[in-house]
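Here the structure is laid out as structure tokens; the discussion comes afterwards.
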Amino acid sequence: MPDVTLTTLHGLKAKGEKITMLTCYDATFAKAASDAGVEVLLVGDSLGMVLQGHDSTLPVSVADMAYHTACVKRAAPRSLILADLPFMAHATPEQAFANSATLMQAGAHMIKIEGAAWLAETITRLAERGVPVCAHLGLTPQTVNVMGGYKVQGRQESQAQQLREDALALERAGAAMLLLECVPTELAAQISQAASVPVIGIGAGSATDGQVLVLHDMLGLSLSGRSPRFVKNFMAGQPDIPSALTAYVEAVKHVTFPATEHGFSA
Ligand code: KIV
């Protein structure tokens with residue numbers, strides 16, 4: 001199977017085939033997910049919660065991200081590796097350049113940054129310097145303390161309009177991909193239609209160009225014992241983890257996941 005590149009992802013969007021993404025933090029799961037056909041492995045700062053046991057992603061450092069990116073890189077021969085800039089790692093464009101360089105040198109092919117239109121200049125300058133950027137909009141866990149909790153974003157029309165404008169502004173600034181977390185299904189559909197770059201969703205309905213889930217969530221593992229409504233446990237009915245990963249890829253490709261009940265209304 002050929003390597004997955006940004007061109008592959010743009011091609012999948014162009015032909016209407018859904019893109020599959022899962023978080024991944026270590027070599028063994030990187031190989032398993034890659035073997036199952038997951039196109040993008042996201043070394044997410046969710047590792048602060050699922051691996052490190054923190055109650056938010058804020059304590060995660062660039063060094064943590066680089067370590068896990070390198071672990072994933074060693075075992076994922078064909079997947080595209082997307083790595084998160086953690087909390088405050090892109091507070092200024094200069095910090096974003098230096099910290100993106102660290103993650104790219106650890107093995108990332110693309111960097112994900114949480115934010116909104118204020119990121120436009122940083123994204124333009126990163127893209128000019130050879131760093132493709134995925135802009136993460138909607139529920140941005142690094143700003144949980146500003147948002148007052150992990151809440152669906154864009155339910156009011158004014159918020160929805162802001163999200164539409166921010167998404168398109170970041171695409172114009174040079175974002176190579178967008179990721180929408182916990183936004184109403186209809187809003188995510190509008191943004192996916194309007195954007196010419198791939199739009200990946202989590203808790204954003206089935207009309208986005210691709211889907212991502214946190215690996216531990218989709219394997220039915222949870223520290224708190226609760227799982228968000230947009231999660232489906234793909235281990236249910238499967239004999240082993242490779243089968244669950246394959247079931248996820250098939251469900252995303254055939255648009256049987258996410259179902260209506262995994263999404264949010266306005
Ligand atoms: O860090 C992460 O795992 C993420 C996903 C929730 C999209 O950003």
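One-based numbering, in listed order, for ligands and for the atoms of each.
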Evaluate the side chain to side chain contact (heavy atoms under 4.5 Å, CB included) criterion for residues Leu80 and Glu39: first the C-alpha distance (whole Å), next the side-chain angles of each, then the deciding distance (0.1 Å), finally the verdict.
CA-CA 6 Å; Leu80 187 145; Glu39 281 131 356; over 6 Å; no
A student checking ligand 1 against His136 at a 4.0 Å heavy-atom cut-off should list atoms 8 (O)
Taking atom NZ as the centre, does Lys31 end up with more than 12 heavy-atom neighbours from other residues, nucleotides or ligands that are less than 6.0 angstrom away?
no
Give yes or no for whether the N/O distance cutoff of 3.5 Å, strictly under, is met between Lys112 and ligand 1.
yes
How many angstroms lie between NZ in Lys18 and NE2 in His254, if you round to the nearest 0.5 Å?
13.0 Å
Can you tell me how far apart NE2 (His68) and CG (Asp45) are? Round to the nearest 0.5 Å.
11.5 Å
I need the Lys73 NZ to Leu41 CG distance, nearest 0.5 Å.
11.0 Å
Is the closest N or O pair between Glu181 and ligand 1 shorter than 3.5 Å?
no
Atoms in ligand 1 flagged as close to Thr23, the criterion being non-hydrogen separation under 4.0 Å
3 (O)
Which heavy atom of the protein is the closest neighbour of atom 2 (C) of ligand 1, given with residue, atom name and distance?
Ser46 OG, 3.3 Å
Tell me the protein heavy atom at minimum distance from atom 5 (C) of ligand 1, and give that distance in Å.
Leu42 CD2, 3.8 Å
Check Asp84 against ligand 1 and report side chain, backbone, both or neither, counting heavy atoms closer than 4.0 Å.
side chain
Mark the output for Glu114 as yes if a heavy-atom distance to ligand 1 is under 4.0 Å, and as no if none is.
no
At a 4.0 Å threshold, what atoms of ligand 1 neighbour a non-hydrogen atom of Asp45?
1 (O)
Any atoms of ligand 1 less than 4.0 Å from a non-hydrogen atom of Gly44? List them with their elements.
1 (O), 2 (C), 3 (O)
Without hydrogens or angle criteria, can the side chains of Thr246 and Ser243 be said to hold a donor-acceptor pair below 3.5 Å?
no
At under 4.0 Å between heavy atoms, what of Thr57 touches ligand 1? The answer is neither
Answer yes or no: is there an ion pair linking Lys232 with Glu261, defined by an N-O contact shorter than 4.0 Å?
no
Rounding to 0.5 Å, atoms CG (Leu180) and CD1 (Ile191) come to a distance of 5.0 Å
